[in-house]
Colleague: 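Okay, handing you the structure first.
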Amino acid sequence: MTDKTNSESSSAENPLESRRRKLEQITALGHDPWGHRFDDRSMIGNIRNRAGEVKYVLEDGTEFDLPTEAEMENTPLRDWAKEKGKGSLTGPQVRAAGRIVLHRDKGKLHFIDIEDWTGKIQLFVGQKQVGEENWELIQCLDLGDLIGIDGMLRRTQTGELSIFAEKIHFLTKTLDPPPAKHVGLTDPETRQRKRYIDLAYNEGVRDRFMDRSKIVRSIRNTLEDQHFVEIEGPTLHSIAGGAAARPFTTHHNALDMSLFMRIALELHLKRLMVGGMERVFELGRVYRNEGISPKHNPEFSMLEVYQAYGNYESMMDLTEAVISNAIKAIGASDVMKWGDKEINFATPFERKTYDELFAEHTGVDPTDTEAVKTLASSLGFDVEGRHPDVIKSDVFEEKVEDALIGPIFVTDYPASICPLTKRKKDNPDVAERFELFVHGMELANAYTELNDPDLQEKLFETQLEGMSEEDSMAKMDHDFVTALRNGMPPAGGLGIGIDRLVMLLTDSTSIRDIILFPLLRAESNE
RNA sequence: GAGAGCGUAGCUCAGUCGGUAGAGCAACGGACUUUUAAUCCGUAGGUCCAGGGUUCGAGCCCCUGCGCUCUCACCA
């Protein structure tokens, strides 16, 4: 019953077979299907910028500039040329290379769109114009292949800027068929697992990661301009300090010793300030063994900056400078869209104290411990045997943080939840700390750094009631306390979540859109 | 961790009441020397996530498992 279909018409190949066959044909034609060094090509973006060099020349040698693209919308180029008189288009000789992203086969004429990381351009390939040898090679091309091209930059009759092919150089065969043109690859899992396909074929993906690179470079520039020095601290720690988070654990065999992947950069940078490195920063990866969400990836990038003789207010100025310059670096403006929301990054950012905001959003006096406790209970929080500041902090996170549109500096935190922070001179219950919030997301965190070794030792020893060790930043690090005994200058310190900053500046609502290779479950073997 | 949804051709998806598998793109063959996601004619392409169950009959209903997505919780 199925005999006829199978025996007769097995001529149709599946996409993979046909690509393999063409690979053989390319080799048979004397080309290396995996290409080789290809010198002196111009970036397609630069080639497009040379459009003005394309001229219309009459037989008597009179030369005309072409109409603008807008003018060609109304009058097609062929009609414009007819009015000028008999002549032809000329333009510069160019060489380009790129991936084939679109292929229109019109018989003895092919239109091929190639793309490099600066742009896209159409190739005009005519059988008569390129000659038999190139034409045979053209028959072996598939979407996704990488080719080089020599030819003259001109325009077609419809005005499309094109390279009129004279010589094709085969550079690399693509054996897997690309995703459907224009629809692209949409499955989020595949986009992340096979990021190369997402980058190669989905619009805007490369630009987003280029923006990330520009933002990071801008941050380094801003800091270096202010004479901060970048250092590289250890990523394997024997004590996972500087933050409250569950660490990844690992083991060193030769020393037979447990180690933790770092959860923060803080404590080593401060040791450096004891050593006289007065302005230091590190921009690097930290690891936290916790949940994965649109705002959380187990490894993420963090900036921490320390400035001797500064305080948390100098860190506010620095934070504003870092963000403003990053916005300029990607050519954005202060007012931007983020998902269905809007952000206005015009400086200075709003500043309000923790207690002010608490009162504003809860209607409860933050200094009235009993009232706060009652509110917390009504919100479903455990209050028995827990420190009043921890209870207050629970309520703050629940009722205030999500409501903060920002950018807003929340200042002056309850001292007991800030074991690494200097207390206010006139009020030991308040810590000189701020967090920067944008649409409920914590973007930065800064302190006037605690440099009193005795107080630091005491705070490390004080585990707040009702707080698990993982939830506490109070983790004893004797060597760090010893370092403070050797004199750390009064200082301001700042941490910025790089991934979250990039999310906000590139209109990305998921952290997985701005991390090239986010952590995914291991692929199940088939 | 809880709830909801999804898994069908290389890609994007449809599949009615449970009746034996569909489209567009990609591929293959053909026509076309100025196309714009080219167009037109033709061909081929399926372990319907896996396993079990109900049924004369399952892509569809039921159970179990796997994977993913979204929301919530957790995440200084």
Side-chain angles (χ1 to χ4, degrees), chain A residues 4-6 8-22 76-78 89 101-113 120 122-130 142-144 154-162 164 175-193 197 201-202 242-246 263-264 266 288-298 300 380 390 393-394 396-398 401 413 417-421 433 435 441-442 445 447 464 467 470-474 495 497 509-512 520-526:
Chain A
K4 56 173 193 322
T5 39
N6 283 346
E8 264 176 346
S9 40
S10 54
S11 56
E13 295 168 292
N14 73 38
L16 282 83
E17 283 170 354
S18 93
R19 282 169 187 262
R20 290 277 174 191
R21 192 198 76 232
K22 287 170 183 172
L77 190 59
R78 61 164 81 85
L89 285 166
V101 291
L102 229 45
H103 189 174
R104 292 177 291 282
D105 173 359
K106 238 191 135 292
K108 298 190 168 63
L109 193 59
H110 288 215
F111 296 92
I112 298 171
D113 290 358
K120 214 184 283 187
Q122 174 174 274
L123 311 182
F124 178 107
V125 188
Q127 181 174 20
K128 217 161 60 190
Q129 291 86 337
V130 294
D142 284 302
L143 291 178
R154 280 162 56 190
R155 285 184 186 275
T156 61
Q157 286 183 8
T158 52
E160 180 76 23
L161 190 67
S162 309
F164 284 66
L175 292 172
D176 284 347
K181 57 188 183 190
H182 286 268
V183 182
L185 183 66
T186 60
D187 174 43
E189 186 196 357
T190 315
R191 289 184 59 187
Q192 288 160 24
R193 278 194 202 283
I197 294 177
Y201 297 105
N202 280 357
R246 190 184 314 169
I263 57 170
E266 177 146 356
R288 298 186 182 180
N289 203 342
E290 285 166 359
I292 296 175
S293 86
K295 291 184 178 110
H296 299 86
N297 194 59
F300 60 101
V390 176
S393 166
D394 283 343
F396 189 89
E397 285 173 20
E398 172 82 13
E401 287 188 1
Y413 277 64
I417 61 169
C418 311
L420 298 163
T421 312
R433 169 183 185 178
E435 293 196 1
M441 196 157 67
E442 180 195 334
N445 183 14
Y447 316 141
L464 288 186
M467 222 183 209
E470 277 157 11
D471 291 337
S472 170
M473 284 189 253
T509 48
S510 170
I511 198 167
R512 293 177 165 217
L520 299 169
R521 201 181 292 271
E523 224 168 343
S524 52
N525 15 339
E526 325 175 14

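Here is the naming used below: chain letters follow the sequence lines, and residue numbers restart at 1 for every chain.
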Colleague: Restricting to salt bridge (Lys or Arg N to Asp or Glu O under 4.0 Å), what partner residues turn up for A:E435, sequence neighbours left out?
Modeller: A:R433
Colleague: Give me, pair by pair, the N or O atoms of the protein and of nucleotides 69-72 of chain B that are less than 3.5 Å apart, along with how far apart they are.
Modeller:
| unit_1 | atom_1 | unit_2 | atom_2 | d |
| --- | --- | --- | --- | --- |
| B:U69 | OP1 | A:R512 | NH1 | 3.2 |

Colleague: Using a 6.0 Å cut-off, check whether atom CZ of A:R21 has over 12 heavy atoms from anything other than its own residue.
Modeller: yes
Colleague: Between C1' on B:A73 and CD on A:E398, what's the gap in Å once rounded to a whole number?
Modeller: 11 Å
Colleague: With rounding to the closest Å, how many angstrom separate the P atoms on B:C49 and B:G42?
Modeller: 31 Å
Colleague: Check the distance between B:C74's P and A:E397's CD and give it to me in whole angstrom.
Modeller: 9 Å
Colleague: Ignoring hydrogens and angles, tell me if any N or O in the side chain of A:T158 forms a donor-acceptor pair with the backbone of A:T156 under 3.5 Å.
Modeller: no
Colleague: If the P atom of B:C48 is compared with that of B:A9, how far apart are they to the nearest Å?
Modeller: 10 Å
Colleague: Partner lookup for B:U47, please. Criteria are Watson-Crick or G-U wobble with both distances under 3.5 angstrom; report none if nothing qualifies.
Modeller: none
Colleague: Report each atom pair, protein N/O against N/O of nucleotides 36-38 of chain B, whose distance is under 3.5 angstrom.
Modeller:
| unit_1 | atom_1 | unit_2 | atom_2 | d |
| --- | --- | --- | --- | --- |
| B:U36 | N3 | A:E160 | OE1 | 3.4 |
| B:U36 | O4 | A:T158 | OG1 | 2.1 |
| B:A37 | O4' | A:H182 | NE2 | 3.1 |
| B:A38 | OP1 | A:K181 | NZ | 2.8 |
| B:A38 | OP2 | A:R104 | NH1 | 2.6 |

Colleague: So, does A:R78 get its side chain near the phosphate of B:U35, meaning an N or O under 4.0 Å from OP1 or OP2?
Modeller: yes
Colleague: For the pair made of CG in A:L89 and C1' in B:U34, what is the distance, rounded to whole Å?
Modeller: 12 Å
Colleague: Now, which nucleotide makes the Watson-Crick or G-U wobble pair with B:A37, with each of the two distances under 3.5 Å?
Modeller: none
Colleague: Go through the structure and list residues passing side-chain hydrogen bond (donor to acceptor under 3.5 Å, both in side chains) with A:S18, not counting sequence neighbours.
Modeller: none
Colleague: Choosing from B:U33, B:A76, B:A27, which nucleotide comes nearest the side chain of A:Q129?
Modeller: B:U33
Colleague: For a quick check of understanding: with a heavy-atom distance under 4.0 Å over all strands, which category does A:K120 fall into, base, sugar-phosphate or nothing?
Modeller: nothing
Colleague: If you measure from the C1' atom in B:A26 to the same atom in B:A38, how many Å do you get, rounded?
Modeller: 16 Å
Colleague: Name all residues meeting the salt bridge (Lys or Arg N to Asp or Glu O under 4.0 Å) criterion together with A:D142; count only those two or more places apart in sequence or in a different chain, and write none if there are none.
Modeller: A:K22, A:K173
Colleague: Using the P atom as the point on both nucleotides, what is the distance between B:U54 and B:C60, in whole Å?
Modeller: 15 Å
Colleague: Please measure how far the C1' atom in B:G53 lies from the corresponding atom in B:G18, and state the result in whole Å.
Modeller: 15 Å
Colleague: Only counting residues at least two apart or in another chain, list the ones meeting side-chain hydrogen bond (donor to acceptor under 3.5 Å, both in side chains) with A:H110.
Modeller: A:H103, A:D105
Colleague: The side chain of A:A243 lies closest to which of these nucleotides: B:U33, B:C28, B:A76?
Modeller: B:A76
Colleague: Nearest whole angstrom, please: distance from the C1' of B:A73 to the CD1 of A:I292.
Modeller: 15 Å
Colleague: Can you check the distance between B:C41 and B:G5, where both ends of the measurement are the P atom (answer in whole Å)?
Modeller: 41 Å
Colleague: Heavy atoms under 4.0 Å, any strand shown: does A:E435 hit a base, just sugar-phosphate, or nothing?
Modeller: sugar-phosphate
Colleague: If you find the nucleotide of RNA chain B closest to A:I263 and the one closest to A:T190, which residue's nucleotide is nearer the 5' end?
Modeller: A:T190
Colleague: With a 3.5 Å limit on both atom pairs, tell me what B:C70 is paired to, counting Watson-Crick and G-U wobble, or say none.
Modeller: B:G3
Colleague: Pair A:F124, A:R154 - check side chain to side chain contact (heavy atoms under 4.5 Å, CB included), show working.
Modeller: CA-CA 9 Å; A:F124 178 107; A:R154 280 162 56 190; over 6 Å; no
Colleague: Looking at A:D113 and A:R104, does any basic side-chain N land under 4.0 Å from a carboxylate oxygen?
Modeller: yes
Colleague: When the P atoms of B:G19 and B:A37 are compared, how many Å lie between them, rounded to an integer?
Modeller: 40 Å
Colleague: Could you tell me the separation between the CD atom of A:Q127 and the C1' atom of B:U34, rounded to a whole number of Å?
Modeller: 16 Å
Colleague: Closest approach to the side chain of A:S162, judged atom by atom: which nucleotide of B:U34, B:U35, B:C28 is it?
Modeller: B:U35
Colleague: Pick the closest RNA chain B nucleotide for A:P179 and for A:F124 by heavy atoms, then say which residue is nearer the 5' end.
Modeller: A:P179
Colleague: Tell me whether the side-chain N/O atoms of A:K295 come closer than 4.0 Å to OP1 or OP2 in B:A73.
Modeller: no
Colleague: Quick one: does A:T509's side chain get under 4.5 Å of A:P294's, heavy atoms only?
Modeller: no
Colleague: For A:N297 and A:R512, indicate whether the former's side chain and the latter's backbone hold a donor-acceptor pair under 3.5 Å.
Modeller: no
Colleague: Does B:C28 have a Watson-Crick or wobble mate here (both distances under 3.5 Å), and if so which one?
Modeller: B:G42
Colleague: Side-chain contact test, heavy atoms from C-beta onward, threshold under 4.5 Å: evaluate it for A:D176 versus A:I197 and give yes or no.
Modeller: no
Colleague: Would you measure the distance from the P atom in B:C56 across to the matching atom in B:U64 and give it in whole Å?
Modeller: 24 Å
Colleague: Nearest whole angstrom, please: distance from the P of B:C74 to the CZ of A:R288.
Modeller: 17 Å
Colleague: For A:L185 and B:A26, what is the distance between atoms CG and P respectively, to the nearest whole Å?
Modeller: 17 Å
Colleague: To the nearest Å, how far apart are A:E401 CD and B:C74 C1'?
Modeller: 14 Å
Colleague: Examine distances only and state if a side-chain atom of A:R246 and a backbone atom of A:E290 form a donor-acceptor pair shorter than 3.5 Å.
Modeller: no
Colleague: Name the pairing partner of B:G19, where a pair is Watson-Crick or G-U wobble with both distances under 3.5 Å, or state none.
Modeller: B:C56
